[in-house]
Structures are given as structure tokens and as C-alpha cells.
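Below, read A as the first sequence line, B as the second, and so on, with proteins coming before strands; counting in each chain starts at 1.
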Amino acid sequence: MDHPVASSQLTDSLVKRLAGPSTGKAGLAKDQTEINRIIAEASKGSKFYENEKKKDKDLTERIARILKLRDEAIEGVDLAKIEHHVDKLIVDLESERDLSQVIVHFDMDAFFANVELLHDPTLKGKPFSVGGGVISTASYEARKYGVRSGMPSFIAKKLCPELILLRSHYEWYNEESNKVFTILRRYDPRLSAAGCDEGYLNITPYLRKHNLAPDECVEEIRRTVHAETSLTVSAGIAPNMMLAKICSDKNKPNGQFHLAFDSKTIVEFMGDLSIRKVPGIGRVNERLLESVGVKTCGDVYTHRAVLYLMDKQFGLRFLLRTYLGIASNEVKPYERNERKSIGAERTFSPLSSTKDMLDKLEEVAAELESDMESSGWTGRTVTLKFKLDTFQIFTRAKSLNHWVNKKEELFAVGKELLFPELPISIRLIGLRVTKLKDLKASTSEGIKRFFGPAQQAASGGKRKASDVDDDDEDASIDQEEQENDDDVMPGFHEQDEADIDPSQHDVDDDEGLQIIPPPANTRKRPPNSVPDKSISHPPTLRSRSKSAGPSRSHGAAIAGPSATSSTPSETHTCPVCNEVLSTNNTGLNEHIDYCLSRDAIQQAQGTSTKVNKTLSSGDTTKEYAMNGLKRLKLRPDAPAKSKRKG
DNA sequence: GCGGATCAC
DNA sequence: TATGGTGATCCGC
């Protein structure tokens with residue numbers, strides 16, 4: 001295929017994509033075009049760039065399909081009639097509007113950067129950033145140059161050569177974060193954290209009790225935070241969480257914005273607002289909506305007929321509620337039992353040797369065990385994630401009949417999931433466990449059962465948080481939460497309890513919420529180029545339909561006699577020696593470990609060792625072999641090329 | 001139940 | 001000179 005020299009081949013959408021997701025957040029630099037050009041220039045030709053280019057192309061094609069759908073849908077229909085119908089729907093939605101609660105969204109200004117400032121005041125007024133290879137937060141001075149969170153440091157340096165790059169100090173951020181949350185809980189003990197630097201309050205009861213106006217109260221909150229931490233915070237005041245969040249951005253930094261609590265003002269406010277500002281609308285959905293003429297929330301109304309006809313892809317109700325500025329106002333603290341998964345992953349310079357990958361996998365498994373242990377979880381499904389050196393991401397999962405949280409088993413399942421993919425070159429590997437069981441839940445079991453039904457009733461009916469006032473049942477719930485606080489140990493990632501899902505604002509009860517589902521499987525190419533595991537597995541073991549046909553070629557061909565076992569239902573190909581084995585997964589793993597250790601020894605000693613096919617014992621042998629591996633210095637394998645899809 | 005995709009922080 | 005980590009959700013199989 002021809003390679004149109006990349007120069008001048010840059011589409012607007014690609015340039016914008018390369019600029020990253022956080023452009024258009026705050027502090028628009030003057031010359032965003034020039035900045036984007038520099039970023040694109042610096043990215044050009046990299047693997048990352050190529051991957052972004054492909055994603056951009058896929059999205060463009062997806063848009064073309066959507067437009068075709070739309071054209072077919074509107075053909076010969078009476079749009080005016082549909083509009084009238086939607087208008088009735090809007091009236092229904094409007095009747096749901098609840099203006100009774102005063103919700104505040106607070107957002108710490110350039111949080112990491114300002115905490116660094118506390119520890120080194122000489123940074124004041126200088127452009128600096130926090131983070132490692134990728135920037136977490138940029139000071140406002142740095143933002144003027146176009147430096148953004150999520151941007152790789154080397155590009156940031158191009159944009160701002162004087163940029164000072166600081167390493168992260170998570171302990172510091174956690175410490176300040178805890179201080180801030182502690183202050184804010186004085187105003188609403190049911191504070192809902194959304195990360196370590198932002199969250200929601202329902203200050204309605206507090207206002208009543210102290211006879212305060214919302215603005216006064218929020219000014220006082222911000223003043224107090226600043227007085228006690230020297231950090232500045234911005235805030236939005238509105239009748240629901242979505243609006244409050246949008247408002248907190250209005251007068252950032254160190255400001256607040258109060259949206260009037262009346263329907264007309266709110267709809268006008270939303271009218272001019274870029275749809276991208278709506279929580280849940282990211283870059284992809286922004287482009288999809290733009291393609292049908294929706295750039296602002298007000299455009300939702302203009303195009304309501306088309307959106308109605310394409311409800312399946314766009315989610316009409318969600319968009320109408322957005323247009324109306326209607327969303328949830330139920331502020332509640334995170335509860336342990338809401339957790340769905342726990343995982344660990346790591347990025348590194350691309351690896352392709354099996355041993356190197358297993359070393360990384362083992363590290364990740366150890367980290368995950370540690371996290372699961374300290375936070376008290378176990379689970380039944382293990383998901384392996386890996387990112388090719390092409391930046392394509394894949395996951396492979398396996399559900400078990402028992403609970404896992406130990407490193408050895410996490411590692412073993414990870415290996416099992418990884419091996420069938422093997423000839424690959426990866427830059428990231430991760431493990432995640434789902435279908436969790438709470439190992440710390442036992443004590444509160446009785447309490448939970450007692451209050452369980454009441455909670456259900458409350459959430460089932462759409463409870464207007466108006467009964468948040470003073471009540472007694474909340475006290476007992478608070479007790480449970482305090483238990484939770486206890487087990488949030490200041491581990492590496494303190495985020496733990498801070499993982500409320502912001503997209504829930506909109507979800508509320510009804511709502512199909514997923515705005516624009518992607519089209520049916522955009523053919524993903526499984527990464528592995530080896531056909532080997534063509535042979536059958538236990539039913540549930542993956543048998544992905546590969547782009548290439550049911551490759552019976554390679555693996556089967558090599559099928560040396562090996563063990564003469566009978567049951568063909570369980571055969572595997574060793575990714576190291578390519579031998580086909582009749583054995584179960586455990587046996588395969590043992591064999592592989594053995595092969596690896598043999599390779600390692602040979603490579604290190606330059607001697608050839610006789611292979612013993614019948615593996616002796618299990619665990620001890622494995623342990624020993626792996627330990628041996630770690631001590632030996634191995635010649636790095638020649639990178640196996642992982643081929644890219646055409 | 002699995003895998004991809006999108007999103008948020 | 002090499003583009004992060006954690007967690008959630010939804011959809012289509």
C-alpha cells in the first residue's frame with residue numbers, strides 16, 4: 001500500500017486527537033492551532049501516532065455509517081410530527097425537575113501543582129508540571145504554553161523549553177486531600193468524593209440549620225479550605241450534580257459560580273454550552289454528535305427529530321435531560337459494596353521475550369495480591385490486559401470456581417491467558433479481578449440485612465433527596481462508613497474510596513445512558529500471529545475467530561508425537577518449544593516453566609541440556625525453576641515482530 | 001461470561 | 001528520547 005507522505009496529510013480531527021483529551025478543558029491558550037501543530041509534528045511517525053491515526057480513520061468511517069443510517073431514517077418521514085411528539089416527552093421530563101436541593105461541586109485548582117508549591121514556594125510564577133513520563137498536572141503558567149495533563153513530557157518540553165518537570169509525591173497529595181475532605185464534611189458528612197481533588201456536597205441541610213445563603217456558605221467553605229491548607233478551590237452551585245460540575249469550571253481558578261434555580265435560566269444556560277462539557281460525553285461522542293449537527297446542548301433540541309429516529313445510537317432521553325439540565329441530585333458517600341473490580345497494570349519499554357513478559361506479569365500479580373490483601377477483597381474472575389507495541393489493547397478473561405487473591409494464582413491464570421497470544425510484543429501488562437467478595441464485610445452483615453430492604457425501597461422509588469435532613473437512620477449508616485474509613489489504608493493509591501462514578505449523575509434510574517454505542521465489532525485483529533492454539537480446549541477456553549482462517553497450519557503441523565496421551569480434548573502447544581502436549585493447563589504451565597528454565601540455563605551456560613518431558617513434581621519444581629531464572633542473566637531475546645493489521 | 005470501546009479522574 | 005494507572009459501564013455477541 002502506498003504511503004502518502006504523512007506531511008500535510010493531517011486532518012483536523014487527527015490534529016485535534018493528537019492534542020489530547022484535556023484540550024478544551026480550561027485556560028485556552030491563544031494559539032491552540034500553533035500548539036496543535038507542534039504536538040502533531042512531535043508525534044508524527046511514532047507508533048502512538050500511527051495508532052491514533054487508525055483510530056481516527058475508524059471513527060471517520062463510523063461517522064459515515066451513522067450519516068447513512070440517518071439519511072435512510074429520515075426518508076419520507078414527517079419530521080414536524082416527530083418534533084411534536086418529542087416536545088411532549090420534554091414536558092414529561094420537565095416535570096421531573098427537582099430544584100429543592102442545593103448541590104455544590106468543588107474542584108481543587110491545579111491540585112498536584114499547588115501542593116508542590118506548598119513544599120517549594122520558589123516555584124511560584126514559574127511554568128512547571130507534575131508527573132513522570134506523562135504529565136499529571138501543569139501549573140497555570142505552564143498551561144499558557146499549551147502544556148496539559150496527559151501530555152508526554154518530551155512534547156511539553158517542546159512547547160515550553162523552560163518547563164520544570166517535577167516528580168509526583170502522592171503522599172503529599174493524599175495528605176492534603178484528606179485535610180480538604182475533612183473540612184468539607186463539616187458541611188455535608190455524606191460528601192461524595194470524585195477522585196482526590198473534587199467531589200460533591202448537598203449543603204441544603206447545612207444552609208437551613210445555619211440560615212445561610214448558598215453563596216455565603218460556599219465562600220465560607222472555600223475560605224476555610226484556603227485558610228487551613230493554603231490551597232484554592234473552585235466551586236459550582238446548582239440544583240443537581242451535573243450542573244454543579246459544569247458550574248465549578250466557570251470561574252476557575254479560585255472562583256465560584258451559582259446557577260439560578262429556575263428552569264428557564266437553566267435551559268438557557270445549557271443552550272450555549274458545548275456538549276463536550278457534559279460529563280459522559282468524551283471526544284468520540286463529541287465527534288459523532290457533531291456529525292449530525294449537535295455541537296451545543298441547545299442543538300439537541302434543534303435536532304430532536306433526528307435524535308429521536310436514531311435513539312438507538314444516541315440515547316434520546318439522556319440527551320434531552322442534558323438539554324434541559326436535569327440530572328441526579330443524590331449526593332451520597334462511596335460504599336465499599338459498590339466496588340466492582342480491583343487491578344494493577346504497568347507500562348514498560350516494549351518486550352517480546354516470554355521470560356521478560358512473565359517477569360512483568362509476576363510483578364503485577366504481586367502488586368495486585370498486595371492491594372487485594374490490604375483492602376480486603378477476593379474475586380472469581382481474572383482478566384489479563386495487554387497493550388501491543390502498536391498501542392492496540394486487548395483483554396482476556398477467565399472465570400473460576402473459587403476465590404483468588406494470591407499472587408501465585410493470579411500469576412498462573414495470567415500466564416494461562418497470555419500464552420495463547422504469545423508471539424507478541426507488548427508495552428503494558430495488567431491483571432484485574434472482578435466478581436468480588438468483600439473479605440471485610442462479615443461484621444456488618446447483620447446491620448446490612450437489617451437496613452437492606454429499607455435502602456432498596458429508597459432507591460427504588462425515585463426519592464427526592466429532600467429527606468436528607470436530620471434523621472436517625474443515617475447515624476447507623478454513618479457507623480458503617482466509619483468502618484470503611486478504617487480500612488482505607490494510605491497505600492500506594494489512596495484513591496480507594498474516591499471512586500464514585502461521575503457518569504452516574506445522568507444514569508439516575510431510567511435512562512439508557514450509553515450515548516452512542518460503537519457499531520458492531522469493528523473487526524479487531526487478535527494480536528497473536530501464531531496459529532498454534534488451534535487445537536481444541538475445554539469448551540470455554542477462547543477460540544477467537546481470527547482474521548486469518550481457522551489456522552490449522554503451524555501448530556498442528558509441528559505436532560510431534562510427544563506424549564501419546566489419549567484425550568485429544570486437552571492439548572496445548574508450548575509457546576517456548578512449540579511442542580504439542582496432551583495435558584491440562586496445570587501440566588502445560590509446568591512444562592512451560594521447565595522449558596523456560598532450560599532455555600535460560602542453556603543461554604547462560606552455553607550448554608545444551610537434555611529435555612525431560614515428563615515433568616517431575618509441580619510446585620517445588622516451578623518455584624525452583626523460576627527462582628533460578630531470576631538469578632541468571634539472560635541474553636535478551638530478539639524482539640519478535642508483532643505484525644500489525646493491514 | 002467475554003472482549004472491545006468509551007469515559008472520568 | 002519511547003504517550004499513565006485505576007475503575008466503571010455499555011454493547012454485542
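- Contact annotation for A/Lys435: backbone-only contact, meaning every heavy-atom pair under 4.0 Å involves sugar-phosphate atoms and none involves a base.
- Closest contact between the side chain of A/Arg396 and the listed nucleotides B/dT6, B/dC9, B/dG4 involves B/dG4.
- When each of C/dT3, C/dG12, B/dC2 is scored by its nearest atom to the side-chain atoms of A/Lys312, the top-ranked nucleotide is C/dG12.
- Among the nucleotides B/dC9, B/dG1, C/dT3, the one closest to the side chain of A/Lys245 is B/dC9.
- Counting any heavy atom pair closer than 4.0 Å across all strands shown, A/Ser349 reaches no nucleic acid atom.
- Looking at the side chain of A/Ile155, the nearest of the listed nucleotides C/dT3, C/dT9, B/dC7 is C/dT3.
- A/Phe154 does not carry A/Lys158 over the face of its six-membered ring by the limits of under 6.0 Å from the centre and within 45° of the normal.
- Heavy-atom contacts from other residues, nucleotides or ligands closer than 6.0 Å to CD of A/Glu61 number more than 12.
- Of the candidates C/dT6, C/dA2, C/dG4, the closest approach to any side-chain atom of A/Phe154 belongs to C/dA2.
- Residue A/Thr347 has a polar side-chain atom (N or O) positioned under 4.0 Å from OP1 or OP2 of C/dG5.
- Following rounding to the nearest Å, A/Lys53 (NZ) and C/dT3 (C1') show an atom-to-atom distance of 17 Å.
- Between the side chains of A/Asp389 and A/Ser425, at least one donor N or O sits under 3.5 Å from an acceptor N or O.
- In this structure, A/Leu417 atom CG and B/dG4 atom C1' are separated by 16 Å, rounded to whole Å.
- Residue A/Phe111 contributes atom CZ, which lies 15 Å from atom P of B/dC9 at whole-angstrom precision.
- Mapping A/Leu18 and A/Ala344 onto DNA chain C via the closest heavy atom, the residue that lands nearer the 5' end is A/Leu18.
- The aromatic rings of A/Phe112 and A/Tyr170 sit perpendicular to each other, their planes meeting at more than 60°, with 30° as the lower class boundary.
- Note on A/Gly282: only backbone sugar-phosphate atoms sit closer than 4.0 angstrom, heavy atoms only; bases stay farther off.
- Protein atom CG of A/Leu428 is 9 Å distant from nucleotide atom C1' of C/dG4, rounded to whole Å.
- The base of C/dT3 is not paired with the side chain of A/Ser153 by any donor and acceptor separated by under 3.5 Å.
- Of the candidate nucleotides C/dT3, C/dG4, C/dA8, C/dA8 has the atom lying nearest to any side-chain atom of A/Ser341.
- Using P as the reference atom, C/dT3 and B/dA8 are 24 Å apart when rounded to the nearest Å.
- Side-chain contact, A/Ser341 with A/Arg432: a donor N or O sits under 3.5 Å from an acceptor N or O.
- Closest to the side chain of A/Arg432, from the set C/dG7, B/dC2, B/dG1, is C/dG7.
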